[in-house]
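As structure tokens, the structure follows; a few thoughts come after it.
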Protein chains: 2
Amino acid sequence: MTKPTIKDIAAQSGVSIATVSRVLANKSGSYSEKTAAKILKIAKELGYRKNSAAVDLVKKGADVIALIINATPTNFSTQIIDGIQQRASELGQGVIILYAGNRDHALQHQAIITALGRSVSGILLAAIEPDEEDLTLLKESQIPFCFVSLYLGTAAILAVSSDNRDLAYQATQYLIDQGHTRIGLVGIDEYHTGSQRRIGYQEAMTANHLAPATVLPGDYSYEAGVRLLQAVKDQGLTAVLAASDMVAAGILTAAQQHKIRVPADLSIMSIDGTIICQITTPALTSVTQDFYQIGRQSVNKVMGQPALDFVPVKIVERASVVPPAD
Amino acid sequence: MTKPTIKDIAAQSGVSIATVSRVLANKSGSYSEKTAAKILKIAKELGYRKNSAAVDLVKKGADVIALIINATPTNFSTQIIDGIQQRASELGQGVIILYAGNRDHALQHQAIITALGRSVSGILLAAIEPDEEDLTLLKESQIPFCFVSLYLGTAAILAVSSDNRDLAYQATQYLIDQGHTRIGLVGIDEYHTGSQRRIGYQEAMTANHLAPATVLPGDYSYEAGVRLLQAVKDQGLTAVLAASDMVAAGILTAAQQHKIRVPADLSIMSIDGTIICQITTPALTSVTQDFYQIGRQSVNKVMGQPALDFVPVKIVERASVVPPAD
DNA sequence: CTGAAAGCGCTAACAC
DNA sequence: GTGTTAGCGCTTTCAG
């Protein structure tokens, strides 16, 4: 048998499809208990399931938020997704996730187009660096969108993230307070998040009359961390602020292979604070971001509710930072 | 201005909506180059985007595969998703991901219902343990579904995974070959995957005349590993086969806190082989699963193409297993 | 090669 | 409370 429709239910229960629709849509007050019970019963028997394409078509828009996400943030994505899902559900919205590959521009663009085609009620872009084309597409679409864990530097575009400048400032200051002076910022990219962190780092260095600043660019990955250790050594740094837990883990592994003791010879401070920080030996001291909250706030924002722009971070002391040896 | 439709394009280009539809749907051969060019041009000017709800409705089904996933497999999900996305795209299918929370039965059920309502062309369930209700729903739906990284023990239900029995057998045998005799299987659950691994483990032990077998149940998490170390100690094991990289990491961390040296005092072999294995100190020797391939094959399977049921695993030697001290 | 017309399954006025 | 009816935006016969 083919997939049942409200028509089938109407036929079997002896009422019109309008009534069936009302009951199934829970338009309370506009139908009697009795008919409702009958209809629900038959619907269940038939294994009826609403065709959301039809609903979306007539309602002009789905009660769904699209979340576009890429491969990079694997570490923290779960928490962000949890926050988004939870808040969305409170607001009666479903969530579909579109995967944009690993910084793959074509896929990323494709994902945006898909979301637009489904006329979702909002689009969330997690850790996505948009290009001009993406932005144009989004803006023209008339549907609200919000960047998550990425701040484009302008209030004109909705976004929820940690305050990256402040985050880097705090972390750097922490390292300085421990007595370090030769501190590097390692593994950040050249885009928004990276530049913001770089600024915070540099401000902290300058404020403490420390120079020159050492920035080693990378792509937030474990491999970048491994690769960058050599430069860290060459620069004679005693402490590094790693762009992500993964970068920190990479630096750590590489350091161990080179017989550099962490933290005795090199202190590592990580940005993110995911479970990765607990897994390594030594455990990584970190500036921990509140990804769950970032997720929740981004839903608020994209749904037009009051929301934070920046979610506070906190420093969690573990075992990878100690004062320099001298 | 409101969202443009083919009607708008038709009006501006002076042709019928039928022709516009044909051009936009690429029904090659059924329109002239000239009209096509004109229509495409106008479509672009208007910023036209197809309404997929309308398409799905008339086509009775979307060219989309739904992937339902839960929080647990964070570690390996990226690879599975990559494989799925890639293969799906080759077959002209989009992918939407539905998040089922953390072994949350209500959410899981909800995700299945959502997928069915969208009349997707196939449903992939990654590391999802279905209950009876889920299975009934799926079977009645008439739409193909396939479990990913989970084998329900029957060929009647589509599934692609590693051969868990074999995987555990190989791993256990490897430990035995290193000279271990007091080996435990740690952190597995009581469901399908867990039981299959348990059987493989037990068969290997028995085949080598080793007994009794020690199985310490858990939920594949880091925390389970931490918690279970005590039991590992109490049982006087010299080697453990951890149910996942996370469990292995947990055991490792806890061991280090208890001054148990790994691998000198305790060898740890991990199941999965994600990047986690490289991050820890020592790096974790593992039975590595080919998640990317599992993803690809599952798409083949759910799309009715020839596909593997079981994807081969391989043992990757790192630094967490050595012969016992004695 | 193109147009007219009939829906896909559902919701939302508008009557009764 | 419930039925009738007109579409939502698109694809697809069937003519021409």
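On a predicted model such as this, the values are computed, not experimentally measured, just so you know. Below, chain A is the first sequence line, B the second, and so on; all start at residue 1.
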Distance test, side-chain N/O of [X] to OP1/OP2 of [N], below 4.0 Å:
{"X": "A/Ser32", "N": "D/dG1", "result": "no"}
{"X": "B/Lys27", "N": "D/dT12", "result": "yes"}
{"X": "B/Ser16", "N": "C/dG3", "result": "yes"}

(request) State which residue, out of B/Gln196, B/Gln293, B/Gln289, fulfils the side-chain hydrogen bond (donor to acceptor under 3.5 Å, both in side chains) condition with B/Ser162. (result) B/Gln289

Proximal nucleotide (of [options]) relative to the [X] side chain:
{"X": "A/Ile17", "options": "C/dC1, D/dC10, C/dC10", "answer": "C/dC10"}
{"X": "B/Arg22", "options": "C/dT11, D/dT13, D/dT2", "answer": "D/dT13"}
{"X": "A/Lys50", "options": "D/dG1, C/dT11, D/dG3", "answer": "C/dT11"}
{"X": "B/Val58", "options": "C/dC1, C/dG7, C/dG3", "answer": "C/dG7"}
{"X": "B/Ala18", "options": "C/dG3, D/dG3, C/dA12", "answer": "C/dG3"}

(message) Looking at A/Asp290 and A/Arg296, is there a salt bridge between them, counting it only when a charged N and a carboxylate O are closer than 4.0 Å?
(response) no

May I have the distance from [X] (atom [atom1]) to [N] (atom [atom2]), rounded to whole angstrom?
{"X": "B/Leu24", "N": "D/dG9", "atom1": "CG", "atom2": "C1'", "result": "12 Å"}
{"X": "B/Lys60", "N": "D/dG9", "atom1": "NZ", "atom2": "P", "result": "20 Å"}
{"X": "A/Lys3", "N": "C/dC8", "atom1": "NZ", "atom2": "P", "result": "14 Å"}
{"X": "B/Tyr31", "N": "C/dT2", "atom1": "OH", "atom2": "C1'", "result": "14 Å"}
{"X": "A/Leu57", "N": "D/dG9", "atom1": "CG", "atom2": "C1'", "result": "5 Å"}
{"X": "B/Lys7", "N": "D/dT11", "atom1": "NZ", "atom2": "P", "result": "14 Å"}
{"X": "A/Ile6", "N": "D/dT2", "atom1": "CD1", "atom2": "P", "result": "15 Å"}
{"X": "B/Ile39", "N": "C/dC1", "atom1": "CD1", "atom2": "P", "result": "13 Å"}

(request) Taking B/Ser121 for its side chain and B/Val64 for its backbone only, find out whether a donor-acceptor pair lies under 3.5 Å. (result) yes

Any base atoms under 4.0 Å from [X], or only sugar-phosphate, or nothing? Heavy atoms, all strands.
{"X": "A/Ser30", "value": "base"}
{"X": "A/Lys34", "value": "nothing"}
{"X": "B/Ser21", "value": "base"}

(request) Classify the side-chain pair B/Asp82/A/Tyr99 by whether it contains a donor and acceptor separated by less than 3.5 Å. (result) yes

(request) State, without any angle test, whether B/Asp272 and B/Thr274 hold a side-chain donor-acceptor pair at a distance under 3.5 Å. (result) no

